[in-house]
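Following: one structure in structure tokens, then a few remarks.
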Amino acid sequence: MVEENFPIIDISSLVQTQCQDETILQEAANQLMDGFSKWGFIYLKGHPIPEESIATLFKESENFFTQPVDKKREVEMDATDSDYIMGYVPFKMERIDPRKPFDLKEAFDYKHHIRQDMKQKLPPQFTKSLENFFDECYDLSLLLFKLLNKSLDIEDDQFFPNCHRKSGYFGNGTLLRSLYYPGIDSKDILPEQSRCGVHADYGTLTLLFQNAEGLEVKSPSGNFIKAKLIEGTIIVNAADLLERWSSGRIKSTLHRVSLPKDTNQPRQSVAFFVMPDNECIVECLDGSNTYEPITAFDHIDNMYKATFRD
């Protein structure tokens, strides 16, 4: 694999000044656009999410996923219920690349309007860490919206917040996903099977927290490169609908999660998928017809239907 890497953007000064310094804001916006237009991915350093919050969610997630399967299936997702696409996603349920075998992963998807009967069956500490972490990620997305407004020359500084007002509740697909990739005996792995197949994300942005390498990103040269673990950073990538808004100036980049050499080694990650409100019509902001207008719901629903197995 060619030695390439997507850029690191340090927003510590932006956080310290609470986005009030126009020079710092513009510089960070320029860096974000440069990274998103070339790679679609950046490392974000100096972000405001406490390391303690990240560690707590990873710990509580591990406790959840290492329970017996029957216990986890008490809170299993109903993929047919578009209002409540949340809960436990069992092993063998997803294949994000429809051309390949099922992904070697489990997940738990959380939104604030989680059904009460499901919430009552979850460990209270797990629920609390999901609630808190969702809010911390959403606050960070609001900061990133400020940078996007600047980088795309949008006069209305509330454009992106207004498109994501319902995040966490009915009418919006934004979700917090805790992922667990169990250790697998190599003899049980099917040809061309991976932990997560090649795909691009569906919505606006994704924030990714990982505790081990495995993510691979398609670089501008066409190679898949390993996303290294860099202490104190999180990974942020642009998704399909942001590419549409930007008329293709911003890239929604293909990525995957590969198997390690030691396939018995488990891996965890946490992703916060930022998505517009369902009724939001996503169209090119420059007035071009590079992409046809589409509602956020229609695009995301089409992608979900292709992801979940029968």
Side-chain angles (χ1 to χ4, degrees), residues 1-9 29-45 94-105 144 147-148 151-152 177 179 181 189-210 212-230 233-261 263 267 269 271 273-275 282 284-286 288-292 294 299-300 302-304 306-307:
M1 241 178 233
V2 177
E3 185 68 21
E4 300 177 87
N5 219 357
F6 43 93
I8 302 171
I9 298 178
N30 292 343
Q31 291 176 339
L32 182 73
M33 177 55 75
D34 186 60
F36 274 1
S37 62
K38 292 176 181 176
W39 280 86
F41 274 75
I42 62 163
Y43 289 99
L44 199 64
K45 183 180 180 181
E94 286 186 0
R95 53 175 178 188
I96 205 156
D97 183 343
R99 303 165 298 175
K100 303 291 176 65
F102 64 86
D103 297 343
L104 298 170
K105 69 172 185 282
L144 292 169
L147 299 182
L148 287 172
S151 61
L152 292 169
R177 164 167 271 206
L179 289 143
Y181 305 89
I189 298 171
L190 300 173
E192 297 189 305
Q193 196 167 31
S194 64
R195 284 180 158 172
C196 187
V198 176
H199 66 287
D201 291 347
Y202 312 152
T204 307
L205 296 167
T206 302
L207 313 180
L208 179 68
F209 307 78
Q210 54 179 359
E213 290 184 355
L215 175 68
E216 295 179 353
V217 174
K218 193 170 185 178
S219 75
S221 66
N223 301 297
F224 274 94
I225 62 105
K226 292 181 179 179
K228 298 177 182 178
L229 287 179
I230 300 178
T233 69
I234 62 176
I235 292 171
V236 181
N237 64 281
D240 291 350
L241 295 179
L242 186 55
E243 179 174 308
R244 283 176 171 266
W245 263 318
S246 71
S247 305
R249 186 179 172 195
I250 288 173
K251 309 300 180 187
S252 179
T253 302
L254 294 175
H255 50 285
R256 66 192 183 192
V257 180
S258 61
L259 281 159
K261 290 181 180 179
T263 60
R267 176 182 182 267
S269 65
F273 297 103
V274 182
M275 304 190 194
V282 179
C284 298
L285 292 170
D286 63 2
S288 71
N289 60 353
T290 307
Y291 299 93
E292 292 184 1
I294 191 170
H299 175 74
I300 293 165
N302 290 340
M303 301 305 293
Y304 271 130
T307 299

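Every residue meeting the side chain to side chain donor-acceptor pair (under 3.5 Å) condition with Asn30, not counting sequence neighbours, appears here in chain and number order: Gln26. Not a single side chain to side chain donor-acceptor pair (under 3.5 Å) links Lys251 to another residue, sequence neighbours left out. By the side chain to side chain donor-acceptor pair (under 3.5 Å) test, Thr206 is found to be paired with Asp201, residues two or more places apart in sequence or in another chain being considered.
Rounding to the nearest 0.5 Å gives a distance of 15.5 Å between CH2 of Trp245 and OG1 of Thr290. In this structure, the separation between CG on Asn237 and OH on Tyr43 is 12.0 Å, given to the nearest 0.5 Å. One distance of note links CG of Leu207 with CZ of Phe273; it measures 10.0 Å at 0.5 Å rounding.
Nearest approach of Leu147 to Ala29, heavy atoms of both residues: O-CB, 3.5 Å. Taking every heavy atom of both residues into account, Cys196 and His199 meet most closely at SG-CE1, 3.5 Å. Listed here is the closest heavy atom pair of Cys284 and Tyr291: SG-N, 3.5 Å.
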Next on the checklist: Could you walk me through whether Arg244 and Asp240 satisfy the salt bridge (charged side-chain N to carboxylate O under 4.0 Å, His left out) test, starting with their C-alpha distance in whole Å, then the side-chain angles of each, then the deciding distance to 0.1 Å, before giving a yes or no?
Outcome noted: CA-CA 6 Å; Arg244 283 176 171 266; Asp240 291 350; over 6 Å; no
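Inter-residue side-chain proximity for Leu259 and Tyr181 is flagged as unmet; no heavy-atom pair is nearer than 4.5 Å. Using a 4.5 Å heavy-atom cutoff, the side chains of Leu241 and His299 are in contact. Side-chain contact check for Gln193 versus Lys100: every heavy-atom pair is 4.5 Å or farther apart. Inter-residue side-chain proximity for Phe36 and Leu205 is flagged as met; some heavy-atom pair is nearer than 4.5 Å.
A 6.0 Å sphere centred on NZ of Lys105 holds more than 12 heavy atoms belonging to other residues, nucleotides or ligands.
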